[in-house]
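Here's the structure, in structure tokens; my notes come after.
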Amino acid sequence: MTATDAPAHALPSNPLMEGLEAERRAPPCVLVVFGASGDLTSRKLMPALAELAMNRQLPSAFSVIGVARTEMSDDDFRDRMREAAPDTNPAWESLVAGFRYVAGDYGEPETFDRLEQVIDEVDQERGIGGNRVYYLATVPTVFAAVAAQLGDHGMAKATDDDAFVRIVIEKPFGHDLESALALDSALHQVFDEDQIYRIDHYLGKETVQNVLALRFANSIFEPTWNRRYIDSVQITVAESLGVGHRGGFYEQAGAMRDIVQNHVLQVLALTLMEPPASIDAQGIRDEKVKALRAVDVFTPEEVHTEVVRGQYADGWVEGEHVPAYRDEEDVAHDSTTETYLAMRLHVDNWRWAGVPIYIRTGKRLPKRVTEVAIVYQGVPHLPFKAADSRGLQPNALVLRIQPDEGISLRFGAKVPGQAFKVRSVAMDFSYGAAFLEEAPDAYERLLLDVMVGDPTLFIRTDEVEQAWRIVDPILTAWATDEAPLAFYPAGTWGPKEADQMIERDGRQWRTP
Amino acid sequence: MADAVAPLGEWEDVDASMSDVSEALHRLRGSDRTATRTSVVTLVAVTRTADELDRACATTETLGGRHPGRTIVILAQEDEKPGLEARVRLLEGSSDGARVWSEDVTLTVKGPAARHLDSLIEPLTLPDLPLAVWYVATCPTPDDALCATAEVVVVDSKELVDETGFADLVPVSHRRTLIDLTWVRLTPWRLLLAGLFDGRVYRPYVTQVDWAGVKGKPGVRDLLGGWLVSRLELRDVHLEDDRHASMRLVAGDGEFTVERREEERLVRASARIKGGPGHEEVLALPDMTLAWSLAEALSDLEGDHVYEEALEAAISFAR
């Protein structure tokens, strides 16, 4: 038998792989990186590929073809990639030696003519069998143009039933609902939805995936995971850093687009979703969409009462005096871009009706922390003297996503001594103190997922749409009227208006 | 695994009782408030010589970073005058500022008690967690009571030098989940060969293998040969003695090899189709330390029918 007369369909199973299924390894494929001379490629993608190569998770029938406007030779590109992941392991080195580069403009058909030719050469030489992954590590404005060119050149569909062609795009997926729909429409003209992998690297984090493990691998939490026992949910995504050199980008994005529309709503969906029938792409994503669809959309009036937007003034963070947002590089002196927001969401379904979901995120807060706190209702009757139970707070289950990933459970315990005093204690589980094993980097995990064809941790088109459905009315209200902007000193937990919002409900923000 | 391991507390006695050991464990835990417990397994290592004991202790010391729990290393000397020597340590492992704590018990069991290790171990096992028993250089006999209490039995067939070694393992694999550290160390090799058939160009060749050859030391070579015969339903495999393991499959006009060349600390895996495509992968030699293979072994405590079938096929080569 020769390679050419090998049967084209009904690929036989590989008996040698039996028992090794848990060892994840990419199939032969060409990874085409658009934006190959950019920051994302050298800072994230190449180190992740180098790590995968070192862990024997990439096949040798694999190559990277870089595409960018910058003129350079194959050798220059290889040198850059070696610099990006200066790893001496022979597996990485032997892969890099086969990398190729195509210089050209994304709008020019000639760029794609040359690309097609190089892909074919690599495929023939290594016997890759037509598998392609296109990674758009570019600015979002060229996503549609690249997709259209790939379509025009017949490069968007697999030439064989056993081969695959996938495209990966990075957030932001549009800047509002309308632009997100337009982007999806452009992509869908060329690619089917199951070919599109939308990356939010947050979902690649081990601890975000642990939310699923905690909820659905343990029977003790799920029975109480509803309005009957839970008083409220607080999601905090805090950063101590300011905008740094990203002022220009941040002026256009703000906290709502940069953090809430993607990271926060993804964490929210994982927290609120119903148990899926199976932990697979369809099971999880169907339930996430249902959860997001149940989130109440604000009227313009509700935006005033349910959302607080803020911006940091100068202040002190970690012992250092830091400037106000408006004094940061590339930021307008009268900017109204929000660096902080707090909001109270309502979810209209049987599980969560009446349970307020408090969300806050901001820059220049006292510390970097991401957590989901499930605050339980108090007991129906406290049989202790008031003076003996002053130190008792409601039970809380806190899922710490970063840093110091872990779980903390707050419960009441007797204070040692003659009196029957009770107080709250926190039982803390830290992943770092349980397992010293390092988890894979988010990009490493997600790149391998794309190549093996597992879209579970990627965002489906209807999730993007639902997220914008929640966020859009708020952005519209902020843009069309004089919505108040509250200021907070850098290094504090946000403006007093956010405290007042939650205090009106008789609750308080947690101190993470 | 932990980068560094340091004892937080230690107790030892050359004439101990098991209640002394339990009390010492309790006391050491209580003496250090930071020593909160996160455990996933109780591991017992059974040794017969001082050399094996040293090897087992060195191997298990860093295990807590990946599989926190309690480790009990036993030196069983049934021909000695009855007695029990014990050392109990609370270990702190650290890596990048993170810390884990694990308990480490070393027992030298002399006299008839060495034939009843189950009675010594049961009071020390952590509740509700699996008990894995590692026979460092032996294979448990059919009447081994400790083996009967274990959920998982770990052996290293490389250590079972005589040719009956494989045959003795089969009944164990029928009674208990059996993990062979030699098989664990072969995982990267198997994965490399299996991976050469990935993709539509190369996959059809995996069902067309005409000739298979394996080189290596006895044991390793036999297991790999058994694996190929059982998985590919081959009638025969060509076995040859060599210092390093290598495999070669010929399928029509395709040739698939995984080999380590002499004096090279690299593994080369290649697929070549005559007059067609081909590729070669060059990899650093996989980590083959005992500590690595034990840590890998404890990651998945389920049985492996692929191993059992390879083992049964390997017995015929070893005869």
Side-chain angles (χ1 to χ4, degrees), chain A residues 1-9 11-20 22-23 25-29 53-54 56-63 88-91 93-95 98 123-131 160-163 404 427-438, chain B residues 1-3 36 38 40 64-66 68 93-101 187-188 190-195 197-208 227-228 231-233 251-254 266 269-271 273-284 286 300 304-307:
Chain A
M1 184 170 61
T2 65
T4 45
D5 65 19
H9 302 296
L11 215 54
S13 63
N14 183 353
L16 295 180
M17 204 45 100
E18 209 176 328
L20 295 169
E23 309 280 343
R25 186 176 155 99
C29 70
M54 195 174 77
R56 301 182 292 277
Q57 289 171 306
L58 290 181
S60 49
F62 169 86
S63 190
T88 51
N89 90 73
E93 184 49 46
S94 69
L95 278 183
D123 196 307
Q124 289 300 316
E125 186 186 308
R126 297 185 174 233
I128 283 169
N131 296 334
D160 188 280
D161 284 354
D162 295 322
D404 186 23
M427 186 167 68
D428 218 22
F429 170 77
S430 167
Y431 286 106
F435 308 102
L436 293 182
E437 186 96 316
E438 263 187 54
Chain B
M1 286 192 284
D3 291 340
T36 52
T38 309
V40 296
R66 187 157 161 196
S94 60
S95 175
D96 283 341
R99 296 182 298 167
V100 295
W101 296 278
T187 303
R190 292 193 295 129
L191 199 58
L192 279 173
L193 187 71
F197 295 97
D198 278 347
R200 57 183 277 269
V201 173
Y202 303 102
R203 178 65 57 80
Y205 289 92
V206 79
T207 57
Q208 309 289 329
W227 172 59
L228 291 175
R231 295 271 63 78
L232 299 177
E233 297 176 3
D253 55 356
L266 298 171
S270 68
I273 310 297
K274 200 172 175 185
H279 56 86
E280 182 180 73
E281 194 168 0
V282 184
L283 294 160
D300 184 359
D304 179 356
H305 77 94
V306 174
Y307 169 68

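Computed from heavy atoms alone, side chains included, the values below leave out hydrogens, waters and symmetry copies. Letters go in sequence order (proteins before strands), and every chain restarts at 1.
- Neither the backbone nor the side chain of A/Leu95 comes within contact range of chain B; no heavy atom of the residue lies under 4.5 Å from a heavy atom of that chain.
- Heavy-atom minimum distance, A/Gly98 versus A/Ser63: O-OG, 2.9 Å.
- With sequence neighbours left out, the salt bridge (Lys or Arg N to Asp or Glu O under 4.0 Å) criterion links A/Glu125 to no other residue.
- Residue B/Tyr202 comes nearest to A/Arg126 through the heavy atom pair OH-O, 2.6 Å, listed as atom of the first residue, atom of the second, then distance.
- Under the rule for a side chain to side chain contact (heavy atoms under 4.5 Å, CB included), the partners of B/Ser270 that lie at least two apart in sequence or sit in another chain are B/Thr257, B/Glu280.
- Of the residues considered (B/Gly278, B/Ala284, B/Gly199), B/Gly278 shows the highest number of contacts with chain A, using heavy-atom pairs under 4.5 Å.
- Only the side chain of A/Ser94 comes within contact range of chain B, judged by heavy atoms closer than 4.5 Å.
- The parts of B/Leu283 that come within reach of chain A are both its backbone and its side chain, each placing non-hydrogen atoms under 4.5 angstrom from that chain.
- Of the two parts of A/Glu18, the backbone and the side chain both hold a non-hydrogen atom closer than 4.5 Å to a non-hydrogen atom of chain B.
- Ranked by non-hydrogen atom pairs under 4.5 Å with chain B, the options A/Ala61, A/Ser13, A/Pro59, A/Ala26 are led by A/Ala61.
- Counting heavy-atom pairs under 4.5 Å between each of A/Gly129, A/Gly127, A/Gly130 and chain B puts A/Gly127 at the top.
- Of all heavy-atom pairs between A/Pro12 and B/Thr207, the closest is CB-CG2, 4.0 Å.
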